[in-house]
Amino acid sequence: MDNNPLKRPTLIVVLGDQLSMNSAALRAGSADRDTVLMAEVMDEAQYVRHHKKKLAFVLSAMRHFAIELEAAGWRVRYVRLDDPDNTHSLTGEIARAQSDLNISRAVVTEPGEYRLAQAFAGYEGLSVLPDDRFLASHQEFRDWAKGRKQLRMEYFYREMRRKTRLLMSGDAPEGGRWNFDSENRKPAKSHLFMPRPLDTDPDEITQEVLTLVEAKFADHFGTLTPFWFAVTRQGALAALDHFVDAALPRFGDYQDAMLSDEPFLYHSVLAQYLNAGLLSPLEICRRVERAYYEGHAPLNAAEGYIRQIIGWREFVRGIYWLRMPGYIQENYLEAKRPLPAFYWTADTDMACMSAAIAQTRDEAYAHHIQRLMVTGNFALLAGIDPVEVHEWYLAVYADAYEWVEAPNVIGMSQFADGGLLGSKPYAASGNYINKMSDHCAACRYDVKQKTGEGACPFNPLYWDFLVRNADKLRGNPRLGHAYRTWDRMNEAKQQEYLDSAQKVLARI
Ligand code: FAD
Ligand code: DLZ
Ligand code: SF4
């Protein structure tokens, strides 16, 4: 008897973030013999309390993808959330399909999250195939990381440039430098033309999903409508084209900028499509590279953008699989405070925080600097428990999956891994936010005031953070200047900072 599972009728399991026609599991199967299983289950909808827009995006994209599979000749068993026999777990649905269809073998592309990988590893007869939508396999990343004292994205990124040959001129990087980040720190001006990501009108399928989400997840965080995300590959490709045409040329210059009432600036807002499988990392990067060679976008924009995808995105995934299962429990700075309630309500007088959180609530989106230097920075300075911070980020963004969210939160933003992912904590006083945004002008707090009632809360919290964690951070060469400044302050000034910080902390 032939034991190759893929020569017998097989159940091909496709998860909600594997919506690619050429995923490993689909490539391994055959449309005339096998059945595809897709299942909407409560376990996935509720392992964190996902933002309503994220739920609608994933469910509608799944439903559209099932139709595309059928059009391509696949037999699809699609289980809806309101199917009365739904077991509401993915392994439960695999077992039910196997029993109903009398198929003993099943295959799946490896899931992006550790908890599901564990569940699938324990399921007999389910073959798990490597997810080759990523550029670096787990083994490649482990080999690269092995024996290195520090893991730094920049060196990994150069390997990925060589591997993909993106923006390479022979063996050298295009323009003679690997990284043009120093040119990418301009504050934006509100009179500049700001494109908006492409709006897609909800079709009938999406309308039905919106009604379902409102009915079943009414108490989840977030504003459901207007809902404008694309939910098909075709729509995501149109969003990519729109980004390249309208925003890419200025992406680099204003990558770190923040403006009130401009939630997207020149960002691509493509991560939700990429992470769900509607777009592939390499096709996005090739498109951006082409825009550079055709003279449409400058090198600092194209290189900066490509680095985010083949550098940061691949690097954080590598870290996740290298360090799980313990990674999400890491708490190097022993931060223990609960997450303040205003992370869910936006009800705070801090204009920068209120803008980032309100936008997160309305769009299931905030760009990188808002995530890192506003909401992340505040949580870091205030000493919020990293697990609570992690759960918030995993819930509130349309692009959030643990493999990418956790390293960004636990590692990059909260320094809870003690510096594995970043060489220093991203801690900053109000001065940084003032330099990169227009929020402070409209804030109840005074960014120039260092201590006391009306002072910007980031100012005393910054020093309190450094003092509180001095035993762990003082030796960090990148913080030497900050500690020297503290040491030069007179004792009364130091005490004023610490007292002010305590008052801020008591208020939250
Ligand atoms: P752009 O600014 O247009 O960047 C282009 C693309 O590069 C993104 O679409 C994304 O795929 C990739 N990218 C950029 N930075 C990173 C990064 N640090 N890590 C991985 N990919 C990156 N990204 C997620 O995809 N999911 C998350 O859950 C997530 N959580 C984050 C939490 C924190 C605290 C921080 C600091 C960053 C997080 N990021 C996350 C990374 C980044 O902020 C988002 O990818 C980006 O804001 C998505 O918006 P965009 O598509 O407009 O990105
Ligand atoms: C995010 C998500 C949601 C909300 N719902 C489903 C679902 O009902 N069925 C499904 O197969 N996948 C869903 N997903 C995506 C999964 O959570 C994702 O595959 C895992 O988190 C692994 O990355
Ligand atoms: Fe944020 Fe402080 Fe500026 Fe207010 S003054 S917007 S709290 S940085």
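Taken to the nearest 0.5 Å, the CD atom of E113 stands 8.5 Å off from the CH2 atom of W321.
Taking the six-membered ring where the residue is Trp, H51 and F221 present perpendicular rings, their angle passing 60° and hence far from 30°. H50 and Y47 have perpendicular rings, their planes meeting at more than 60° on a 0 to 90° scale where under 30° would count as parallel.
Between F243 and Y305, the ring center distance clears the sub-6.0 Å criterion. In this structure, the ring of Y157 has its center no less than 6.0 angstrom from the ring center of F315.
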H138 and E110: side-chain hydrogen bond (donor to acceptor under 3.5 Å, both in side chains), yes or no, with the steps? CA-CA 11 Å; H138 298 320; E110 66 170 332; 3.1 Å; yes

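Both the sub-6.0 Å distance and the 45° axial angle are satisfied by R196 relative to the ring of W228.
Shown here are the side chain to side chain contact (heavy atoms under 4.5 Å, CB included) partners of S89, two or more places apart in sequence or in another chain: D43, T87, T91. Here F229 pairs with F57, F227 under the ring pair (Phe, Tyr, Trp, His ring centres under 6.0 Å) rule; sequence neighbours left out.
Across N275, L278, L279, a single residue satisfies side chain to side chain contact (heavy atoms under 4.5 Å, CB included) together with L270, and that is L279. Remark: of the listed residues R371, K53, R313, K54, R371 is the sole one forming a salt bridge (charged side-chain N to carboxylate O under 4.0 Å, His left out) with D399.
Taking 4.5 Å as the limit, every side-chain heavy atom of T375 sits out of range of all side-chain heavy atoms of Q370.
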